[in-house]
Amino acid sequence: MAELKLSESRDLTRIERIGAHSHIRGLGLDSSLEARDVSEGMVGQTQARKAAGVILQMIKDGKIAGRAILLAGQPGTGKTAIAMGMAKSLGLETPFAMLSGSELFSLEMSKTEALMQAFRKSIGVRIKEETEVIEGEVVEIQIDRPAVSGAASKTGKLTLKTTDMETVYDLGAKMIEALGKEKVQSGDVIAIDKASGKITKLGRSFSRSRDYDAMGPQTKFVQCPDGELQKRKEVVHCVTLHEIDVINSRTQGFLALFTGDTGEIRAEVREQIDTKVAEWREEGKAEIVPGVLFIDEVHMLDIECFSFLNRALENEMAPILVVATNRGITTIRGTNYKSPHGIPIDLLDRLLIITTQPYSADEIRKILDIRCQEEDVEMSEDAKQLLTKIGHETSLRYAIHLITASALNCQKRKGKVVEVQDITRVYSLFLDVRRSTQYLMEYQKEYMFNEASMVDGGEDDADAMHD
């Protein structure tokens with residue numbers, strides 16, 4: 001008899017791409033905002049993380065808005081990592097919008113409109129409303145199907161109970177369809193929104209926990225609700241101002257949210273929305289949640305964008321602006337003037353500046369350990385020491401790139417653990433910036449459009465013309 005083989009099933013929710021910062025889970029601070037040496041994927045940069053933690057606490061308390069923070073440091077010193085850590089620590093309730101300085105120049109809309117939309121994406125509105133909800137445990141569902149199809153719609157009865165009472169509800173065709181979609185069965189605890197008819201499955205009742213021997217990992221058990229079946233509940237919706245803008249700016253606004261084709265939004269629409277939100281705030285129906293707008297490579301913005309940022313930060317509904325740059329004293333884009341980090345002095349004056357320091361060899365080693373774990377690569381102690389040395393002498397990014405490459409080389413020779421020979425092999429295959437520059441200087445005459453050959457060529461042409 002042939003052996004029965006079970007097909008290997010993969011959990012699709014776990015299939016994720018490993019990104020440059022996918023190992024970061026937060027800022028790695030304790031309750032007193034002191035930075036732990038290695039925590040939540042963050043290593044070193046204790047001063048910068050402490051400073052970011054203070055800002056984070058102020059954001060959570062809703063104390064500051066319209067403030068700006070600059071993360072300044074050399075390339076590969078963890079500026080974007082700190083911003084990602086802030087985003088993870090804030091949670092899902094606080095809006096966090098991310099933007100690269102160069103993105104503004106490739107969009108179909110004007111630069112200031114793109115910046116305005118980014119600002120509005122970073123401001124959340126928490127809207128509160130009271131709804132009537134029927135909440136109980138399903139005792140029985142009876143659905144009467146007509147004998148002749150199409151002759152009459154389905155009808156049925158739903159029996160719900162709490163610890164105090166039990167009621168039978170008559171069901172119409174729409175409710176029967178909704179119950180079928182949610183796969184509701186007896187023993188489930190459900191909530192029905194009376195206004196919209198939306199059914200939410202809260203879980204299975206503890207009283208039915210022994211009904212089946214085999215349960216899926218996603219089966220959630222809840223207590224049978226107590227009190228009355230009908231309850232008044234306060235529901236909180238969190239939306240961003242940009243989402244409200246898009247929905248109100250056109251007839252098919254809701255679809256534009258999914259397609260991303262928002263286009264330019266008129267100032268009148270925004271003014272009306274701001275007025276309406278202000279009314280809701282006064283009535284206690286809504287509250288503003290100032291979020292965070294992170295602009296990476298901020299030196300890529302031009303003088304018009306910087307002027308807009310200056311003005312936008314003065315608005316009462318401004319988010320916290322976090323910008324990052326790796327430039328020193330450089331030209332402000334759109335002018336002939338030089339300034340620190342390529343940012344005008346008047347905007348620099350508004351910024352709280354957090355600096356990041358280069359990583360030590362010990363910190364590089366810890367980061368490489370975390371990345372090996374994240375990329376599921378087993379590496380020997382000697383190989384890790386060599387990779388740390390490479391990272392210290394060249395750059396951290398180059399060393400991180402070599403992890404996967406050396407793992408593939410190890411697979412090719414049918415090995416299980418990455419050894420020194422794998423690191424050496426990929427080090428010889430892929431050049432770092434310093435070796436590549438050295439190679440260019442040695443062989444620059446062989447390349448097209450290099451300055452040396454242009455000068456030599458120019459002299460030869462001049463001699464030919466002179467003769």
Side-chain angles (χ1 to χ4, degrees), residues 17-24 41 43-45 71-81 84 100-102 296-297 299-300 324-328 330 342 356-457:
R17 292 192 66 188
I18 297 166
H21 299 104
S22 57
H23 61 285
I24 288 163
V43 176
Q45 304 296 354
L71 293 167
Q74 299 164 24
T77 53
K79 296 180 295 296
T80 312
M84 295 295 285
S100 177
S102 52
D296 209 354
E297 309 291 335
H299 52 263
M300 291 300 292
T325 179
N326 55 20
R327 297 294 162 99
T330 183
T356 53
Q357 307 301 324
Y359 288 110
S360 66
D362 193 33
E363 286 167 351
I364 287 173
R365 168 63 195 263
K366 286 171 186 169
I367 292 167
L368 291 172
D369 281 344
I370 292 168
R371 288 304 301 180
C372 284
Q373 198 177 344
E374 181 73 12
E375 295 179 29
D376 217 6
V377 173
E378 275 191 60
M379 197 175 282
S380 70
E381 190 61 31
D382 292 344
K384 278 183 183 172
Q385 280 178 2
L386 176 60
L387 202 57
T388 306
K389 189 168 182 284
I390 291 168
H392 193 55
E393 288 175 4
T394 58
S395 76
L396 174 63
R397 283 179 180 151
Y398 176 68
I400 288 170
H401 285 319
L402 292 186
I403 294 173
T404 309
S406 57
L408 291 170
N409 192 70
C410 175
Q411 272 180 19
K412 195 182 172 194
R413 64 173 180 81
K414 307 251 184 327
K416 296 276 185 197
V417 180
V418 174
E419 300 288 350
V420 172
Q421 65 190 70
D422 300 310
I423 305 283
T424 315
R425 170 95 174 120
V426 292
Y427 181 75
S428 62
L429 286 174
F430 304 106
L431 301 184
D432 58 275
V433 177
R434 194 179 295 169
R435 282 186 295 156
S436 179
T437 311
Q438 203 175 334
Y439 181 85
L440 275 177
M441 288 172 80
E442 280 179 32
Y443 297 100
Q444 63 178 340
K445 287 188 178 179
E446 313 296 325
Y447 285 83
M448 286 179 68
F449 305 125
N450 70 78
E451 286 183 17
S453 65
M454 294 278 280
V455 172
D456 294 348

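Below, all heavy atoms of this structure are taken into account, side chains as well, without hydrogens, waters or symmetry copies.
At most 12 non-hydrogen atoms from other residues, nucleotides or ligands lie less than 6.0 angstrom from CD of Q373. Other residues, nucleotides and ligands contribute more than 12 heavy atoms inside 6.0 Å of the CD atom of Q421. Around the NZ atom of K389, the shell of radius 6.0 Å holds no more than 12 heavy atoms that belong to other residues, nucleotides or ligands. No more than 12 heavy atoms of other residues, nucleotides or ligands lie within 6.0 Å of CZ in R397, so this atom counts as exposed by the packing criterion.
Not one N or O on the side chain of K79 forms a donor-acceptor pair closer than 3.5 Å with the backbone of N326. Although no hydrogens or angles enter the test, the distance criterion places a donor-acceptor pair under 3.5 Å between the side chain of R435 and the main chain of F430. Side chain of Y398 to main chain of V433: no donor-acceptor pair is present (N/O by atom type, distance under 3.5 Å, no hydrogens or angles).
Counting heavy atoms from C-beta outward, H401 and V426 have side chains that stay 4.5 Å or more apart. Residues T404 and V377 have side chains not in contact (no heavy-atom distance under 4.5 Å, counting atoms from C-beta outward). The closest side-chain heavy-atom distance from Q438 to L431 is not below 4.5 Å. Residues L386 and T424 form a side-chain contact, since some pair of their non-hydrogen atoms from C-beta on lies under 4.5 Å apart. Put simply, the side chain of T388 does not reach to within 4.5 Å of the side chain of H392, judged on heavy atoms.
Contact between I364 and Y359 at its shortest, heavy atoms only, is CG1-CB, 3.8 Å. Closest approach of G391 to A399, counting heavy atoms only: CA-CB, 3.7 Å. Annotation for M379 and V417: closest pair C-CG1, 3.7 Å, computed over non-hydrogen atoms. The two residues V420 and A383 come nearest to each other via the heavy atoms CG2-N, 3.8 Å. Nearest heavy atoms, I24 versus A81: CD1-CB, 3.4 Å. Nearest approach of I403 to E375, heavy atoms of both residues: CG2-OE1, 3.7 Å.
Of the listed residues (I367, L387, I370), just one forms a side chain to side chain contact (heavy atoms under 4.5 Å, CB included) with I400, and that residue is I367. Each of K384, R413, K416, K412 was checked for a salt bridge (charged side-chain N to carboxylate O under 4.0 Å, His left out) with D422, and the lone residue meeting it is R413.
A salt bridge links R365 to E381: one of the charged nitrogens lies within less than 4.0 Å of a carboxylate oxygen.
Checking Q45 against T356 by side-chain atom types alone, no donor-acceptor pair falls below 3.5 Å. A donor-acceptor contact under 3.5 angstrom links the side chains of D296 and T80, judged on distance only. With no hydrogens or angles considered, a side-chain donor-acceptor pair links S380 and E419 at under 3.5 Å.
A distance of 12.0 Å separates CE of M441 from OG of S436, quoted to the nearest 0.5 Å. Distance check, rounded to the nearest 0.5 Å: CD1 of I390 to OG of S395 gives 11.0 Å. Distance CG/D369 to CZ/R371: 12.5 Å, rounded to 0.5 Å.
For Y439, the ring-ring contact (aromatic ring centres under 6.0 Å, His included) criterion is met by Y443, not counting sequence neighbours.
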